[in-house]
Every structure is written in C-alpha cells, then in structure tokens.
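Structure record follows, encoded as structure tokens.
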Amino acid sequence: MVKRQAYQPILITDASRSQGDQLTSRQRRYVLMMGIRVACIIVGAILVGANAPLLWLWLPLCALGMVLIPWLAVLLANDRPPKEEHRLANRFHRRHTDDTPPMSLTAEERPHKVIDAEP
C-alpha cells in the first residue's frame, strides 16, 4: 500500500498583491507626496510674505522639501514592492514551507455538492 501525503490547500493569503492594487497604492503615494510638496511651496510663500522669525531656518527646509519630495515620489511611484524572499521581515521570521506540490483529492475525499431536488 502506497502512503499518500495529506492534502494541503494553497492559501491565497500567501499570494502577492495584484498589479492593479500595486499601481493604485503607488499612485496614491505619489499624489500624497506631491500634495506635501505643494504644502511646502505654500508654507514657504507664507513665511516669506509674513517675514517670519527664523526665516533663515524654515526657508531652506521648505526648499529642500520642494526639491527632494518630487524626486522621491517619482522613484517610489516607479518601483514595485520587493518580492517576499527579499523582504527584511521574512529574513527574521522564516515560515516553514513544504516544497512538495499539493496533491489532488480522491473522489472519496472531495466534498459532495448537495443538490436539492425539485418537487
């Protein structure tokens, strides 16, 4: 008698996010970062117009935000998330994975559909 392996279902929680979901999250992050850039421009203009104290400190910070944020936004918008085997969190928490492919169920093991008979 051949000993069969137990049936192991494939978990969809282990699947990677769809490309559409990844694109949507990258677009949202880009719009958020560009919104922060617009806020830096507005705050810088208000500070100059109001002749705020410590203008020598605030103005370079706003300018740095206006220059660096668009660069980072474009880099992050064009980058995909890392594959699971390259993520830093997975290097510390290794999951035990079984490399054997899941076996199909025999006819006796398959769940049976109950079909209601019409009277």
Side-chain angles (χ1 to χ4, degrees):
M1 184 167 152
V2 176
K3 188 174 183 179
R4 269 184 24 104
Q5 290 180 328
Y7 174 73
Q8 296 177 345
I10 298 172
L11 300 176
I12 61 170
T13 55
D14 292 339
S16 61
R17 292 176 48 202
S18 71
Q19 289 183 356
D21 287 343
Q22 291 177 13
L23 178 65
T24 302
S25 71
R26 291 194 317 253
Q27 287 172 338
R28 286 182 182 155
R29 185 175 32 206
Y30 180 81
V31 169
L32 176 70
M33 291 179 82
M34 294 315 263
I36 293 171
R37 178 188 186 216
V38 169
C40 285
I41 293 170
I42 293 171
V43 167
I46 291 172
L47 289 174
V48 168
N51 202 8
L54 297 176
L55 188 62
W56 60 271
L57 174 68
W58 296 114
L59 210 52
L61 288 176
C62 288
L64 190 66
M66 288 185 282
V67 172
L68 286 182
I69 288 177
W71 177 70
L72 286 173
V74 170
L75 284 179
L76 292 174
N78 289 323
D79 191 25
R80 287 189 173 179
K83 293 183 178 181
E84 286 299 317
E85 63 264 14
H86 300 298
R87 291 183 62 107
L88 185 61
N90 289 340
R91 293 184 185 202
F92 297 118
H93 299 77
R94 292 264 183 210
R95 275 193 261 169
H96 175 68
T97 57
D98 190 9
D99 292 336
T100 58
M103 300 189 66
S104 63
L105 296 174
T106 63
E108 294 82 29
E109 295 173 329
R110 289 188 191 123
H112 300 287
K113 283 188 177 179
V114 178
I115 301 173
D116 292 332
E118 293 183 28

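Under a hydrophobic clustering in which Ile, Leu, Val, Met, Phe, Trp and Tyr are joined whenever their side-chain heavy atoms come within less than 4.5 Å, directly or via other members, Leu64 and Trp56 fall into different clusters. At a threshold of 4.5 Å between side-chain heavy atoms, the hydrophobic network of Ile, Leu, Val, Met, Phe, Trp and Tyr places Leu61 and Leu55 in one connected group. Placement of Leu76 and Ile69 within a single hydrophobic cluster is found when ILVMFWY residues are connected by side-chain heavy-atom separations under 4.5 Å, directly or transitively. Leu23 and Val31 are not part of a single hydrophobic cluster, where members link through side-chain heavy atoms under 4.5 Å apart.
Residues passing the side-chain hydrogen bond (donor to acceptor under 3.5 Å, both in side chains) test with Asn51, sequence neighbours excluded: none.
For residues 25-44, the set of pairs meeting the side-chain hydrogen bond (donor to acceptor under 3.5 Å, both in side chains) definition, not counting sequence neighbours, comprises Arg17-Ser25.
For the atom pair CG of Leu72 and CE of Met33, the computed distance is 5.0 Å after rounding to the nearest 0.5 Å.
Considering all non-hydrogen atoms of both residues, Met66 and Cys40 come closest at CG-CB, 3.9 Å. Scanning both residues, Gly65 and Pro70, for their nearest heavy atoms gives O-CD, 3.9 Å.
No side-chain donor-acceptor contact under 3.5 Å links Asp79 to the backbone of Leu75.
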